[in-house]
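See structure below.
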Amino acid sequence: QVQLVESGGGLVQAGGSLRLSCAASGRTFSSYGMGWFRQAPGKEREFVAAINWTGGKSYNVDSVKGRFTISRDNAKNTCYLQMNSLKPEDTAVYYCAVEAGPYYTGSHYYEEAMYAYWGQGTQVTVSS
């Protein structure tokens with residue numbers, strides 16, 4: 001059974017940093033892209049960042065460029081999201097996800113429909 005478990009969320013002051021981790025189990029995801037999404041209260045879930053299966057390409061939504069960095073360690077079956085210079089508007093539940101198909105090279109990494117497996121989410125709260 002595939003399972004994704006996020007960790008590393010919490011309460012931090014504006015300007016602070018957090019590192020989210022997403023540990024995958026049940027299968028090996030080294031051939032699959034991974035992504036992070038977030039959902040703020042009263043809003044729809046939105047794309048944050050994605051990384052391809054090799055870790056050689058990554059993508060960020062404009063609002064987090066220069067502040068968030070996605071990475072992965074295939075040996076550990078784990079994906080990370082380093083979040084720096086956090087802002088109150090970054091407050092949300094953060095979800096990691098794994099793409100439905102291996103070796104994806106297209107440009108639709110920001111679409112939820114591309115992802116087949118999802119974690120339960122971890123809360124990030126940034127106080128002003």
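Just so you know, residue 1 is the first one in the sequence shown, and it goes up from there.
At least one side-chain heavy atom of Arg67 sits under 4.5 Å from a side-chain heavy atom of Asp90. Taking 4.5 Å as the limit, some side-chain heavy atom of Phe29 sits within range of a side-chain heavy atom of Leu4.
Side-chain atoms of Asn84 and Ser17 form a donor-acceptor pair, as typed in the model, at a separation below 3.5 Å. A donor and an acceptor atom, one from each side chain of Thr125 and Gln123, are located under 3.5 Å apart.
Looking at Ser63, its side chain never comes within 3.5 Å of a backbone N or O of Val61 through a donor-acceptor pair. With Glu6 contributing its side chain and Gly121 its backbone, the two residues share a donor-acceptor pair below 3.5 Å.
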Set out, in order, the CA-CA distance, both residues' side-chain angles and the distance that settles side chain to side chain contact (heavy atoms under 4.5 Å, CB included) for Leu86 and Phe68, then state yes or no. CA-CA 9 Å; Leu86 282 161; Phe68 290 12; 3.7 Å; yes
Between Arg27 and Tyr117, is the side chain to side chain contact (heavy atoms under 4.5 Å, CB included) condition met? List the steps. CA-CA 11 Å; Arg27 64 181 295 181; Tyr117 304 101; 3.1 Å; yes
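Nearest heavy atoms, Ala14 versus Ser128: CB-CA, 4.4 Å. Between Asn60 and Lys65, the closest heavy-atom pair is O-CE, 3.2 Å.
Tyr104 is linked by a side-chain contact (heavy atoms from CB on, under 4.5 Å) to Glu99, His108, Met114, counting only residues two or more places apart in sequence or in another chain. For Tyr115, there are no side chain to side chain donor-acceptor pair (under 3.5 Å) partners at least two apart in sequence or on another chain. Applying the disulfide (SG to SG under 2.5 Å) criterion to Cys79, with sequence neighbours excluded, gives no partner residue.
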Which pairs would a plain distance check flag for residues 42-55, meaning a side-chain donor or acceptor within less than 3.5 Å of a matching protein atom at least two apart in sequence or in another chain?
unit_1 : atom_1 : unit_2 : atom_2 : d
Arg45  : NE     : Glu112 : OE1    : 3.4
Arg45  : NH2    : Glu112 : OE1    : 3.1
Glu46  : OE2    : Arg38  : NE     : 2.6
Glu46  : OE2    : Arg38  : NH2    : 3.2
Asn52  : OD1    : Thr54  : OG1    : 3.3
Asn52  : OD1    : Gly55  : N      : 3.0
Asn52  : OD1    : Gly56  : N      : 3.0
Asn52  : OD1    : Lys57  : N      : 3.0
Asn52  : ND2    : Thr54  : OG1    : 3.3
Thr54  : OG1    : Gly56  : N      : 3.0

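Here Val5 sits alone; no ILVMFWY side chain lies under 4.5 Å from its own, so it joins no hydrophobic cluster.
Considering Leu81, Leu20, Thr91 as possible partners of Val124, the one that fulfils the side-chain contact (heavy atoms from CB on, under 4.5 Å) test is Leu20.
A continuous path of Ile, Leu, Val, Met, Phe, Trp and Tyr side chains, each step under 4.5 Å between heavy atoms, connects Val2 with Tyr32, placing both in one hydrophobic cluster. Two different hydrophobic clusters hold Leu11 and Val126 under the rule that ILVMFWY side chains link at heavy-atom gaps under 4.5 Å.
Of the inter-residue distances, the one linking Ile70 atom CD1 with Cys22 atom SG reads 9.0 Å to the nearest 0.5 angstrom. One finds the CD atom of Gln82 at 9.5 Å from the OG atom of Ser21 (value rounded to the nearest 0.5 Å). Residue Trp36 holds its CH2 atom at 7.5 Å from OG1 of Thr122, rounded to the nearest 0.5 Å. Within the model, atoms CZ of Arg72 and OG of Ser58 stand 11.5 Å from one another, a figure rounded to the nearest 0.5 Å. Remark: Cys96 SG to Trp118 CH2 distance equals 9.0 Å, nearest 0.5 Å.
The ring of Tyr109 has its center closer than 6.0 angstrom to the ring center of Tyr59.
The disulfide bond (SG atoms under 2.5 Å apart) pairs that include a residue from residues 30-74 number zero, where partners must be two or more places apart or lie in different chains.
Cation-pi geometry between Arg19 and Tyr80 is met: the NZ or CZ atom falls under 6.0 Å from the ring centre, inside 45° of the normal.
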